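Here's the structure we're looking at; comments come further down.
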Amino acid sequence: MDTAITSEDLEFDRSHIWHPYSSLTNPLKVYPVSRADGVYLHLQDGREIVDGMASWWCVQHGYNNARLNEAAIKQLNSVSHVMFGGIVHKPDIDLCKKLVQMLPESLECVVLADSGSIAIDVGMKMALQYFNATNRPSKNKFLTIEKGFHGDAFGALSVCDPNNSMHSLYGGFVPQNVFCKAPEVYFHNSDPNVEQLVEELDVAPFAKLVRENHQSLAGVVMESIVQGAGGLRIYHPHFLKRVRELCDEYDILLILDEIATGLGRTGKLFAFEHANIVPDIICLGKALTGGYLTLSATVSTREVSEGICRGLAGRLMHGQTYMGNPLACAVANENMAILIEGEWKDQVRRIEQQLFDELAPLAEHPNVAEVRILGAIGIVEVNKFPVRVEELQRRFVEAGAWIRPFNKWIYIYPIFTTTLEELRVLIEAIASVLDDL
Ligand SMILES: *Cc1c(COP(=O)(O)O)cnc(C)c1O
């Protein structure tokens, strides 16, 4: 079978196929990939480049991973999909057992879905059904923070940063929620009175909105500690701790989006551990299958799930065609097994150390506003933007790196198995473009 991409294929792609956030009439350049192995993308022209994006934050243990391949092939040979209504299978049970084991004790009821956006929609539906079932139907809005990103389905979009995600484009169709300004105090702020600072700058405006709106608030939806695609910010854990307290005080469910941060990325298995709290509902996705297949999970407390079942409908009104897809669950189950073995802790710690040693000094460059680091996440915020994506990407590829910058961020999200030399390729690639933004 000839799998090479021809110039005619590329022409077809340009004129018929939408890429993410792209133009169909004036698309950015795309790079044909023929294979991926470990941390390397093999371009069709023969170049091998280190993936610094982990395929949009999904890959943990490398491409073409022998264990994940085997789990997928084994499952393919038994059943790749069967409906979840009235049927159960082993991969789904095995996966959910592991998730419940990995999460804090109180998070124990799992809804599987097929993408991160839908996991957020499910979490929001759960909160709405919960308050409906417990006779407080006026609690039907969500509070969130600006600069967030939660996905592109309309429910998820309604809690994304309204400017970044251009709510205005959708003619008033997006549900109206309550937005607080994004927390300002950085995770690594070294002020000796940092908690006081968080109280004044971040907690006070949030608490005010909670007090003013709690009668109509079903949930707070936000990313744990790291705000991803909406602003690449890393906030102080004290803020999250106080959000938890305010949710308890005013009877609001805390829905944490750990689709990007969960499963080891920030140096903890779940980012909420930095704040020593537990949400009522957590959304996981992206890295769940280690970058193989699309799958997400929304996990709630028993109280939330049982509350829903006491309501008028008596059940959760959500179910999708590919819910609990056995193939995706089998791969995710093996990926969770690798995580439970625990090697990720040293891998992420080592990557973080190298980012502090080699990426952080780029903050001295006149074109750099700030460098932010947590776990295996390194963000260079530049002060000349928006960056020229296509031009920078061409330079990165020439330097042996796959990095996709956007707006004012050149960031890396390395695969956990990236070696010292490979990570250096990524960091040097970033350093090499800073003079020419
Ligand atoms: C990617 C992402 C989502 C959406 O997930 P999809 O699988 O793209 O729908 C939601 N929240 C966060 C924090 C994300 O990074």
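Each ligand, and each atom within it, is numbered from 1 in the order the structure gives. Side chains included, hydrogens not; waters and symmetry mates left out as well; all remaining heavy atoms used. Just so you know, these numbers come straight off a predicted model, no measurement behind them. Sequential numbering from 1 along the given sequence is applied to the chain's residues.
- Annotation: Phe154 is in aromatic contact with Phe173 [ring centroid separation under 6.0 Å].
- Salt bridge Asp248/Arg244: present, at least one basic N to carboxylate O contact under 4.0 Å.
- Using the six-membered ring where Trp is involved, Phe270 and Phe272 have ring planes that are parallel, under 30° apart on the 30 and 60° scheme.
- At distances below 3.5 Å, at least one donor-acceptor pair connects side-chain atoms of His89 with backbone N or O atoms of Gly324.
- With sequence neighbours left out, the side chain to side chain donor-acceptor pair (under 3.5 Å) criterion links Ser78 to Gln75.
- With 3.5 Å as the limit, one finds no donor-acceptor pair spanning the side chains of Glu249 and His214.
- Enumerated by chain and number, the residues approaching ligand 1 to less than 4.0 Å through a heavy atom are Ser115, Gly116, Ser117, Phe149, His150, Gly151, Glu223, Asp257, Ile259, Ala260, Lys286.
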